[in-house]
Amino acid sequence: MDGDATYATRRKTLRVSWTLLTSSFAFIVLLCALCLFFFFHPRTCRSTYGQRFGSTETILDEIRGFDYERLENEYGATDVRLPAGMVPESYDLRIIPFLWAGNSTFNGEVDIVVNATAPVDGVTLHAVDLNVTECIVTRYPKMVLNEHVMAESVYVPILETDQDLSKQFFIIKFKQTQPADYQYNIHIKYTGKLQDNMEGFYKSSYNVGNTTRWIAATQFQPTDARKAFPCFDEPALKAKFTVSIARPGDMSSISNTGLKNVNNKLPTLSEPLEYYEWDTFEQTVPMSTYLVAFIISDFEYLSSETFRVWARTDVLSHTHYARDIGPSILKFYEDFFSIPYPLKKTDLVALPDFAAGAMENWGLVTFREIAMLYNEGVSPNAQKERVATVIAHELAHQWFGNLVTPDWWSDLWLNEGFATYIEYVGVDYVEPKWKMEEQFISSGIQSVFLMDSLKSTHPISARVSRPEEINELFDRISYDKGASVIRMMDHFLTRQVFRKGLTKYLNSKAYNSAYHNDLWDALTEQAQTDRVMDITLTVKDVMDTWILQPGFPVVNVTRNYEVDTLIVSQSRFLLHDTKNALKTDQPNNLWWIPLTFTTSSKLDFSVTKPSYWFKPEEFMMITETGIPSNDWVLFNINETGFYRVNYDSKNWNMLIEYLIDPEMYSNIGTINRAQLIDDAMSLSRAGYLSYQTSLDLTKYLYHETEYVPWKSAYRSFTYLHQMLIKTSIYDKLKAYVLHLISPMYKITGFADNPRDDQLVIYKRSNLLSCACELGHTDCVRNAVAQFQNWKSNPQPEKNNPISPNLKAIIYCTAISYGSEEEWDFAWKMYKMTTVASEKDLLLDALGCSRETWILARFLSYALQNNSSIRNQDISKVFYALTNKVAGQEVAWNYVRDNWRNLKSTFTAGFSTMSEIIKSATYHFNTKNDLIQLWQFYKDEYDHLGSARRSVLQSIENAEANVNWMERNFKTISNWLQNTTILYLSQFTNEVD
């Protein structure tokens with residue numbers, strides 16, 4: 001027995017030892033596997049550790065402590081400007097692109113005549129991705145004004161040529177220093193690559209049946225002319241250009257100017273280019289390099305005298321509207337600026353692949369097809385307006401930007417802000433029924449307020465140097481805020497003075513570059529001549545406070561009802577962290593503010609000239625106002641000033657009571673009703689005003705019938721929708737909004753009348769979109785039925801019975817409530833249609849599915865090689881995904897995990913990456929969301945490029961959303977509970 005026990009014990013000991021050994025080995029293997037996993041997935045390791053091991057608050061403190069002022073100071077710190085001493089006078093450019101499959105190169109040759117303004121030991125110009133094969137510099141005798149003196153030339157010995165890749169410089173070093181006041185000819189031969197990313201000189205194609213048709217086109221703004229030819233690629237260095245293009249005999253070429261007689265000096269073309277022909281164009285007027293353009297294609301055109309519109313043959317009939325309105329807008333601008341259009345011809349070209357929306361190349365304006373083509377009976381009215389506004393914008397540039405150009409990109413807003421504002425004036429001339437002044441409120445001013453209320457915004461005139469910093473300026477601040485402060489200036493100067501001042505400025509700087517101070521001087525001189533401004537005040541005094549500092553003010557109006565006084569104060573409006581920010585920002589953020597106001601007794605909404613100027617001081621008292629104590633006061637008539645207004649509680653309550661009266665509310669101007677909604681809801685969002693007050697104000701919408709106030713309301717309700725859709729009170733928000741729109745829905749029904757006024761059509765579209773989004777039974781039923789009717793048609797690609805103005809709503813709703821079958825049908829229709837607006841609508845709708853796997857497949861379709869979705873439209877896929885809850889996580893996960901690949905895909909899109917990151921993270925409102933975004937910023941810091949500021953703005957927006965949920969959820973929950981309980985059962989019966 002003892003022996004057996006000993007044996008058993010020994011066996012048990014061995015078994016235990018073997019088990020321990022096996023377990024230890026397994027543990028080591030698991031540990032190694034985990035280490036390998038975290039080595040190859042560092043982001044997962046970091047984010048998991050940060051959230052699971054108690055560092056959440058530490059990370060949040062790091063985010064809260066980020067210094068946005070330091071960010072602004074870093075911009076423009078790198079000197080990448082060309083050295084002084086050489087000023088270009090003319091370019092003679094000859095380019096031969098190889099337009100066939102398997103070859104994406106071109107040969108180039110350029111002669112640049114430059115004037116030496118100081119002794120020089122070399123020449124520095126720009127060149128990127130160009131292989132220089134020959135470089136010769138020749139010196140000529142002293143300059144003769146406007147003439148090239150070709151006698152007595154001297155070759156300048158070259159020591160070496162070099163490149164500074166970081167600054168994109170091509171440097172020619174002379175053996176000896178050369179004298180000033182001579183003219184030099186720089187002759188360079190080179191080869192280059194036709195880009196495939198829609199920047200510089202790039203190659204594109206489209207298919208006709210099974211045949212590929214090739215296109216070569218240009219997009220040089222802001223810094224990509226240097227990818228097509230060596231040049232002095234800065235906006236102030238204007239010169240005259242003579243362009244010669246070799247192209248296949250069965251294609252045509254166009255450039256900034258018209259064709260001239262054949263130039264016998266051009267080189268003979270030999271095999272394999274024996275079927276190529278040379279086109280030489282007339283010399284241009286002096287202009288910047290970024291405005292040079294040339295296109296080789298087999299496009300056809302329609303014309304109206306010297307105005308031509310070009311497109312693919314299949315869609316040429318869609319250019320009629322562009323051809324019809326273009327000449328009228330051009331003539332209107334000639335009268336508006338009192339300056340004739342300086343060129344002999346104008347070409348508008350719709351390109352299948354184009355990174356920007358459009359580009360104002362002088363005399364050769366290029367567009368995405370969606371921005372220029374309108375197909376009557378197929379495209380919605382909104383597409384017609386889009387075409388009109390883009391054309392008006394680009395033609396406005398022919399004066400602002402082309403005739404007079406900002407000296408450096410810091411004043412990009414002088415181009416884009418003016419063109420954005422003047423586009424509304426131009427469209428109003430050709431389409432007066434569209435009420436463009438009202439539309440500017442929602443699409444211009446109110447749309448940019450949000451971005452400019454972040455600490456990470458930037459001044460309108462911002463210091464920049466490197467190309468990626470320049471690209472960042474192509475944002476809503478330069479465009480929409482720039483336009484908004486220009487509109488404000490138009491009103492406080494009066495239109496007559498404004499126009500005279502602009503003409504004075506344009507004439508004095510024609511064919512040259514300018515600073516914003518040049519514009520201020522011209523406008524001040526005119527304003528003081530016409531006595532609309534005090535002699536002690538200048539336009540520069542006022543406008544520098546708006547363009548040289550970030551953000552905008554909130555004007556706080558506090559009334560003393562007993563002694564008839566107003567105390568007005570100003571401070572920077574910030575979306576969040578208001579109290580802390582004001583402690584440091586307030587002394588440096590004060591504005592000259594034009595104050596206008598009216599009262600319930602006066603009801604004057606026509607006078608927008610300032611009643612008072614609020615100096616850059618914290619407080620101002622207005623005495624003896626004559627306003628009865630029982631009258632409300634309303635500041636910022638027609639929202640002409642770029643600021644928000646907050647009132648004391650009594651004045652807010654009087655305004656609310658007045659609006660809620662269905663017989664009285666319309667006495668307040670339409671624009672100011674929109675302003676009150678937008679101001680009140682935004683003030684509450686930022687913590688300046690209780691949501692109790694702002695939501696009470698929205699009750700009046702039950703009887704509101706105008707488009708612009710509702711547009712402001714939809715924007716505010718969309719934010720509440722984004723924040724509350726995953727919470728327990730979302731049903732009450734839905735019920736409240738459905739209650740507000742129910743009277744309009746009963747009147748409108750699910751029907752469209754294309755002959756209605758533009759804003760009536762927009763109002764109906766927004767109403768039905770909101771109703772279907774919120775699950776309104778009749779709306780959903782009609783949308784699904786009309787989609788099925790189209791789907792069951794024997795030839796749906798040819799016969800679509802859906803009204804163009806309702807397509808967006810019906811497509812999205814049917815796909816949202818449908819299955820894979822509906823999605824696949826829409827995808828098939830997308831691939832088959834040749835109508836640009838139809839492709840645009842279907843691409844939006846394909847993101848409406850509620851099935852995550854379908855949306856993931858959609859994204860994979862977009863990003864695969866040889867996709868049916870063009871590269872320029874991939875960003876739209878991300879926008880479509882992020883419009884619905886199901887797609888938001890799909891989009892964000894892909895952006896986060898594939899940022900560097902996306903960045904290489906969208907190198908040409910100035911704002912594409914920025915908009916993708918904003919749309920993918922707009923809904924973030926939890927601490928976990930915020931930490932993920934912050935970790936993404938840190939992981940990809942060196943790879944953010946021109947999207948860096950947008951990522952920081954997204955972080956700040958997410959932080960604001962987190963704070964918003966903590967601060968407002970309970971208040972809104974209580975308000976919705978108390979409000980909706982009064983009519984919820986009645987409303988349920990109404991909509992069912």
Side-chain angles (χ1 to χ4, degrees), residues 206 302 309-326 328-329 348-352 354 357-358 367-394 423 427 430-431 433-434 436 439 443 707 751-766 768-769 783 786-787 790 793 795-815 826 828-846 848 869-870 872-873 876 879-880:
Y206 68 97
L302 301 176
V309 289
W310 297 74
R312 297 181 287 120
T313 304
D314 285 353
V315 295
L316 185 63
S317 61
H318 305 173
T319 64
H320 283 284
Y321 182 64
R323 182 200 58 184
D324 293 344
I325 65 166
S328 298
I329 293 173
L348 274 55
V349 185
L351 291 165
F354 194 67
F367 298 78
R368 282 193 185 196
E369 289 187 336
I370 187 64
M372 186 178 141
L373 305 181
Y374 171 71
N375 189 5
E376 185 79 38
V378 178
S379 304
N381 284 47
Q383 174 63 14
K384 190 175 187 178
E385 185 173 312
R386 179 178 186 176
V387 170
T389 53
V390 177
I391 289 174
H393 181 101
E394 303 309 326
E423 80 184 41
V427 174
V430 293
E431 300 284 3
K433 293 182 179 180
W434 289 0
M436 297 305 293
Q439 291 199 59
S443 59
Y707 165 73
D752 179 44
N753 183 355
R755 293 184 297 276
D756 281 342
D757 288 342
Q758 191 84 329
L759 296 195
V760 173
I761 290 170
Y762 287 175
K763 180 180 68 174
R764 179 186 299 117
S765 296
N766 283 341
L768 296 179
S769 178
Q786 290 198 34
F787 188 86
W790 176 37
N793 192 293
Q795 292 184 303
E797 71 279 8
K798 294 181 179 179
N799 302 311
N800 186 342
I802 299 172
S803 171
N805 294 319
L806 300 181
K807 284 179 177 179
I809 302 155
I810 290 170
Y811 293 175
C812 182
T813 304
I815 289 172
K828 180 182 178 182
M829 292 299 99
Y830 173 83
K831 291 188 291 183
M832 294 182 71
T833 186
T834 60
V835 179
S837 61
E838 189 72 3
K839 277 190 175 293
D840 204 52
L841 291 168
L842 285 165
L843 202 61
D844 266 340
L846 288 166
C848 293
I869 300 173
R870 288 186 173 271
Q872 66 177 12
D873 294 324
K876 195 167 182 62
Y879 308 156

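Counting begins at 1 with the first residue of the sequence. Model, not experiment: these values are computed from the prediction.
Side-chain atoms of T833 never come within 3.5 Å of backbone atoms of M829 as a donor-acceptor pair (strictly under, hydrogens ignored). When atom types are taken as modelled, the side chain of R764 and the backbone of A751 share a donor-acceptor pair closer than 3.5 angstrom. Looking only at distances, no side-chain donor or acceptor of D757 sits under 3.5 Å from a matching main-chain atom of L759.
Looking at heavy atoms from C-beta onward, V427 lies in side-chain contact with W434 at the 4.5 angstrom threshold. Counting heavy atoms from C-beta outward, E369 and L351 have side chains that stay 4.5 Å or more apart. The side-chain heavy atoms of Y206 and D314, taken from C-beta on, include no pair separated by under 4.5 Å. At a threshold of 4.5 Å between non-hydrogen side-chain atoms, the residues M436 and T389 count as touching. Between V835 and H318, the closest side-chain pair of non-hydrogen atoms falls below 4.5 Å. Looking at L348 and W310, their side chains never come closer than 4.5 Å, going by heavy atoms from C-beta outward.
A salt bridge between R386 and D840 is present, with a side-chain N of the basic residue lying under 4.0 Å from a carboxylate O of the acidic one. Taking the charged nitrogens against the carboxylate oxygens, K828 and E797 have no contact shorter than 4.0 Å, which rules out a salt bridge. Between K839 and D873 there is no salt bridge, since none of the side-chain N atoms of the basic residue sits less than 4.0 Å from a carboxylate O of the acidic one.
The two residues A350 and L373 make their nearest non-hydrogen contact at CB-CD2, 4.0 Å. Annotation for Q872 and P352: closest pair NE2-O, 2.9 Å, computed over non-hydrogen atoms. The two residues I370 and Q383 have their closest heavy-atom pair at O-NE2, 2.6 Å. The shortest non-hydrogen separation linking V390 to A358 is CG1-CB, 3.6 Å. Summarising the geometry of L302 relative to H320, their closest heavy-atom pair is CD1-CE1, 3.7 Å, with the distance given to 0.1 Å. V430 and S328 make their closest contact through CG1-CB, 3.9 Å (heavy atoms, listed as atom of the first residue, atom of the second, distance).
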Checking side-chain contact (heavy atoms from CB on, under 4.5 Å) for the pair L843/Y830: CA distance, chi angles, key distance, verdict?
CA-CA 7 Å; L843 202 61; Y830 173 83; 3.8 Å; yes

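Take E423 and apply the salt bridge (charged side-chain N to carboxylate O under 4.0 Å, His left out) test, not counting sequence neighbours, and it matches no residue.
A distance of 10.0 Å separates CD1 of I761 from CZ of R755, quoted to the nearest 0.5 Å. Put simply, OH on Y707 and OG on S765 are 9.0 Å apart, with the number rounded to the nearest 0.5 Å.
A donor and an acceptor atom, one from each side chain of E385 and Q439, are located under 3.5 Å apart.
Within the structure, salt bridge (charged side-chain N to carboxylate O under 4.0 Å, His left out) pairs that include any residue of residues 375-384 do not occur (at least two apart or interchain).
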Review item, side-chain donor-acceptor pairs of residues 801-814, under 3.5 Å, at least two apart:
from : atom 1 : to   : atom 2 : distance (Å)
S803 : OG     : D752 : OD2    : 2.4
N805 : OD1    : N381 : N      : 2.8
N805 : ND2    : N381 : OD1    : 3.3
N805 : ND2    : D752 : OD2    : 3.2
K807 : NZ     : V378 : O      : 3.0
K807 : NZ     : E838 : OE1    : 3.0
Y811 : OH     : N800 : ND2    : 2.8
Y811 : OH     : E838 : OE2    : 2.6
T813 : OG1    : I809 : O      : 2.8

